[in-house]
Participant: 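Okay, handing you the structure first.
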Amino acid sequence: MITKQKGTYDIYGDSAKKRMYVNDILNALCEKYNFGYIETPVFEASELFHRGVGETTDMVQKETYDFVDRGERNITLRPEGTAGVVRWFVENKLYGNLTDPVKVYYNMKMYRYERPQSGRNREFTQWGFEVFGSDTCEADAEVISLAYNAYRLLGLEDVKIQLNSLGDTESRNNYREALIKYFEPHINDLCEDCQERFKKNPLRILDCKVDAESEIIKNAPKTIDYLNEESKKRFERLQELLDLMDIPYDVNTKLVRGLDYYNHMVFEVTLRDSYALGGGGRYNGLVETLGGPSVPGVGFAMGYDRTLLAMEEEGVNVPINNSVDVYLLAVSESEKETACYLAQNLRLNGFIADTDLMNKSLKAQFKSVDRFDAKYLIVLNDEDLQKNEVVIKDNKTKEEERVNINDLVDYIDMHM
RNA sequence: GCGGCGUUGGUGAAGUGGUUAACACGCCAGAUUGUGGCUCUGGUAUGCGUGGGUUCGAUUCCCACACGCCGCCCCA
């Protein structure tokens, strides 16, 4: 037997319906914010992610699906959405006429070679969005607003924003140096992983779970103390806007996030003050890094599967319609012909209709009625059909009514 | 990539080194001669993840691998 690959999964049944429900909500919300839908290719030149996400990040170093194709191109399955969208933005020269910001949202499969756990797979979905061309705090606030309200609309009440600012390039570099200087004498008191982080990406030490309670990390320099005047002002302004929109947030100076491209505002959306369901931030240098002009950008991505899990844990009630409007029962050949015709007719008139396709006994067809939770059932009967009539039964009230076959659609329309 | 736990039918699951692998749900058929959902009766596994090994004999013991779950790394 051929089985699915590690870390992949099939989506079907009720969980497929849940996803459709979530998709509909998210898509509609994005449209309200006047974002346009975009899809980019699953695979891109490996270089895109190496340059975009950051050569030194673990995501690129050990988690990407890389391969050489038959034309000897170096290909990578996208591990995140932003790099591909930026590539699209640059390749299509959308920066050429930036009278308005370019706002796009996506809902795409991503691939990372990781050890699977629940809410984390090798193939997974991220829903996210990006804004190009605006360097304003209002753009930052809009992005956070969209992210926050997405979770709220999905029924997750207890969500909050974790907010930090890395500042502009100058501030970020100053901070990085201060951090290195601070940690250097303490390096042997930190855990092994942190000693590794110290070399590769010292900012990540702040994220460490092992040393989280240690005085060393608690007393470490804070990002906001190293913001220059302008960066500080921006950060304050952003907070004002969030206050104005009633979006709850905590300033979390330890939040640095893993990808190299962020500057200024970074944020995560957390559930119950614990784990993050999504994150984003500003990336003013990324477009340039990927071969475009200097165009500011800001964006967000939601861990789709994780969010679905969270909804389950929180007991969010997702309305799933598993019931059929009308089920047609038929046994004889002529009854089945009528069933075919009527089923099509009902479907084209907007009803969910179904009928037996397996030549089952009438009794077995009644079981199907129950399984499909049909609102109405019609037992076709040759005698009635001679008179152009059908008997339609309300499956809840058990009331039966004799209806002319030509009035059937109207009848159901009136009663539903 | 590292560590721990797990893997029995469509589903949930019990169980044992040795004839026919519980039970429940589901499904199918009949009682009910073309109007069901209750009840009763009967039926329902390519045989216990895959491949090796130990053994007279393994689903049960050992090893490897695969997949799943949990923790780490990482990400979100």
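Convention: sequence-line order gives letters A, B, ...; per-chain numbering from 1.
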Participant: Starting from Watson-Crick (N1-N3 plus N6-O4 or O6-N4) and G-U wobble pairs under 3.5 Å, report the runs of at least three that RNA chain B belongs to.
Facilitator: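 Stem list for RNA chain B: B:1-7 with B:66-72, B:10-12 with B:23-25, B:26-31 with B:39-44, B:49-53 with B:61-65.
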
Participant: For A:E240, what residues pass the salt bridge (charged side-chain N to carboxylate O under 4.0 Å, His left out) criterion, not counting sequence neighbours?
Facilitator: A:R237

Participant: With A:Y304, which residues qualify under side chain to side chain donor-acceptor pair (under 3.5 Å), at least two apart?
Facilitator: A:N23

Participant: Quickly work out the A:E333 CD to B:rG34 P distance and round it to whole Å.
Facilitator: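 In whole Å, B:rG34 P and A:E333 CD are 18 Å from each other.
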
Participant: If you look at every strand shown and take non-hydrogen atoms under 4.0 Å, does A:E383 touch a base, only sugar-phosphate, or nothing?
Facilitator: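 Counting heavy atoms under 4.0 Å across all strands, no contact is made by A:E383.
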
Participant: For atom C1', what is the distance between B:rG15 and B:rA58, given to the nearest Å?
Facilitator: 14 Å

Participant: For A:T64 and A:Y111, does a side-chain donor sit closer than 3.5 Å to a side-chain acceptor?
Facilitator: no

Participant: Sort and list the pairs that fulfil ring-ring contact (aromatic ring centres under 6.0 Å, His included) and have at least one residue in residues 48-67 of chain A, not counting sequence neighbours.
Facilitator: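 Sorted pair list: A:Y65-A:Y113.
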
Participant: For residues 149-165 of chain A, pull every pair meeting salt bridge (Lys or Arg N to Asp or Glu O under 4.0 Å), keeping only residues two or more places apart or in separate chains.
Facilitator: A:R152-A:E157, A:D158-A:R272, A:K160-A:D250, A:K160-A:D273

Participant: Send over the distance from A:I378 CD1 to B:rG34 P, rounded to a whole Å.
Facilitator: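 The distance from CD1 of A:I378 to P of B:rG34 comes to 21 Å, rounded to the nearest Å.
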
Participant: When you measure from the side-chain N and O atoms of A:R371 to the phosphate of B:rC27, is any distance below 4.0 Å, counting only OP1 and OP2?
Facilitator: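 Yes.
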
Participant: With salt bridge (charged side-chain N to carboxylate O under 4.0 Å, His left out) as the criterion, how do A:R234 and A:D168 come out once you've worked through the C-alpha distance, each side chain's angles and the decisive distance to 0.1 Å?
Facilitator: CA-CA 10 Å; A:R234 282 187 66 125; A:D168 55 23; over 6 Å; no

Participant: Which residue pairs satisfy the ring-ring contact (aromatic ring centres under 6.0 Å, His included) criterion with at least one member in residues 393-416 of chain A, sequence neighbours excluded?
Facilitator: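 Counting only pairs at least two positions apart or across chains, the ring-ring contact (aromatic ring centres under 6.0 Å, His included) contacts touching residues 393-416 of chain A are A:Y411-A:H415.
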
Participant: Using atom P in both nucleotides, what's the gap between B:rU55 and B:rC70 to the nearest angstrom?
Facilitator: 40 Å

Participant: Between A:R120 and A:S361, just flag the one whose closest nucleotide in RNA chain B comes earlier from the 5' side.
Facilitator: A:S361

Participant: Within a radius of less than 6.0 Å around OH of A:Y341, do more than 12 heavy atoms belonging to other residues, nucleotides or ligands occur?
Facilitator: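 Not more than 12 within 6.0 Å, no.
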
Participant: Of all of residues 296-309 of chain A, which get a heavy atom below 4.0 angstrom from RNA chain B, listed by number?
Facilitator: A:A301, A:G303, A:R306

Participant: Could you tell me how far B:rG37 sits from B:rG30 if I compare only their P atoms? Round to whole Å.
Facilitator: 13 Å

Participant: Check every strand shown and say whether A:L329 touches a base, only sugar-phosphate, or nothing at a heavy-atom separation below 4.0 Å.
Facilitator: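 Nothing, no nucleic acid heavy atom in range.
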
Participant: Checking A:N322 now: which residues fulfil side chain to side chain donor-acceptor pair (under 3.5 Å) with it, not counting sequence neighbours?
Facilitator: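 If we apply the side chain to side chain donor-acceptor pair (under 3.5 Å) test to A:N322, skipping adjacent residues, the hits are A:D14, A:K17.
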
Participant: So what does A:L380 touch, heavy atoms closer than 4.0 Å: a base, only the sugar-phosphate, or nothing?
Facilitator: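 If one applies the 4.0 Å heavy-atom cut-off, A:L380 turns out to touch a base.
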
Participant: What residues, two or more places apart in sequence or in another chain, satisfy ring-ring contact (aromatic ring centres under 6.0 Å, His included) together with A:F43?
Facilitator: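 Listed in chain order: nothing, the list is empty.
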
Participant: Can a donor-acceptor pair be found between the side chains of A:S323 and A:N321 at a distance below 3.5 Å?
Facilitator: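 Yes - a donor-acceptor pair under 3.5 Å links their side chains.
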
Participant: Say we look at B:rC72 and B:rC38: how far apart would their P atoms be, to the nearest angstrom?
Facilitator: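 Approximately 48 Å lies between the P atom of B:rC72 and that of B:rC38.
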
Participant: Using whole Å, report how far OH of A:Y9 lies from P of B:rC69.
Facilitator: 11 Å

Participant: Would you list the pairs meeting salt bridge (Lys or Arg N to Asp or Glu O under 4.0 Å) in which at least one residue belongs to residues 401-416 of chain A, sequence neighbours left out?
Facilitator: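 Sorted pair list: A:D384-A:R402, A:E389-A:R402.
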
Participant: Sticking with atom P, work out how far B:rC25 lies from B:rU7, rounded to a whole angstrom.
Facilitator: 24 Å

Participant: What nucleic acid atoms does A:R112 come within less than 4.0 Å of, heavy atoms only: base, sugar-phosphate, or nothing?
Facilitator: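 Contact class for A:R112: sugar-phosphate only.
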
Participant: From CE of A:M358 over to P of B:rA29, roughly how many Å is that when rounded to an integer?
Facilitator: 10 Å

Participant: Rounding to an integer number of angstrom, what distance separates B:rU60 and B:rG49 when you compare their C1' atoms?
Facilitator: 15 Å

Participant: If only side-chain N and O atoms count, and only distance matters, is there a donor-acceptor pair under 3.5 Å linking A:Y37 with A:E39?
Facilitator: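 Result is yes, a qualifying pair exists.
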
Participant: In whole Å, measure the gap between the C1' atoms of B:rG18 and B:rU59 for me.
Facilitator: 12 Å

Participant: Could you run down the sub-3.5 Å N/O contacts of the protein with nucleotides 66-68 of chain B?
Facilitator:
unit_1: B:rC67; atom_1: OP2; unit_2: A:K6; atom_2: NZ; d: 3.4
unit_1: B:rG68; atom_1: OP1; unit_2: A:G7; atom_2: N; d: 2.7

Participant: In whole Å, what separates the P atom of B:rG3 from that of B:rC65?
Facilitator: 11 Å

Participant: Quick one: A:Y113 OH to B:rC75 P, roughly how many Å, whole number?
Facilitator: 18 Å

Participant: For a quick check of understanding: with a heavy-atom distance under 4.0 Å over all strands, which category does A:E80 fall into, base, sugar-phosphate or nothing?
Facilitator: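 No contact.
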
Participant: Answer yes or no: is there a donor N or O on one side and an acceptor on the other, between the side chain of A:E335 and the main chain of A:V331, under 3.5 Å?
Facilitator: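 Flag set: sc A:E335 to bb A:V331 pair under 3.5 Å.
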
Participant: Atom CE of residue position A:M245 - does it have more than 12 heavy atoms of other residues, nucleotides or ligands inside 6.0 Å?
Facilitator: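 Yes, CE of A:M245 has more than 12 neighbouring heavy atoms, counting only those of other groups under 6.0 Å.
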
Participant: Show the nearest heavy-atom pair for residues A:T82 and A:E130, with the distance to one decimal.
Facilitator: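 Taking every non-hydrogen atom into account, OG1-OE2, 2.9 Å.
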
Participant: Return the polar atom pairs (N/O with N/O) between nucleotides 35-37 of chain B and the protein under 3.5 Å, or none.
Facilitator:
unit_1: B:rG36; atom_1: O6; unit_2: A:K393; atom_2: NZ; d: 3.1
unit_1: B:rG36; atom_1: N1; unit_2: A:N395; atom_2: OD1; d: 3.2
unit_1: B:rG36; atom_1: N2; unit_2: A:D370; atom_2: OD1; d: 2.1
unit_1: B:rG36; atom_1: N2; unit_2: A:D370; atom_2: OD2; d: 2.8
unit_1: B:rG37; atom_1: N1; unit_2: A:K398; atom_2: NZ; d: 2.2
unit_1: B:rG37; atom_1: N2; unit_2: A:K398; atom_2: NZ; d: 2.7

Participant: Measure CD/A:Q365 against C1'/B:rC28 and give the value in whole Å, please.
Facilitator: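 Answer to the nearest Å: 15 Å.
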
Participant: Just the rounded figure in Å: distance from P of B:rC75 to CZ of A:F124.
Facilitator: 12 Å

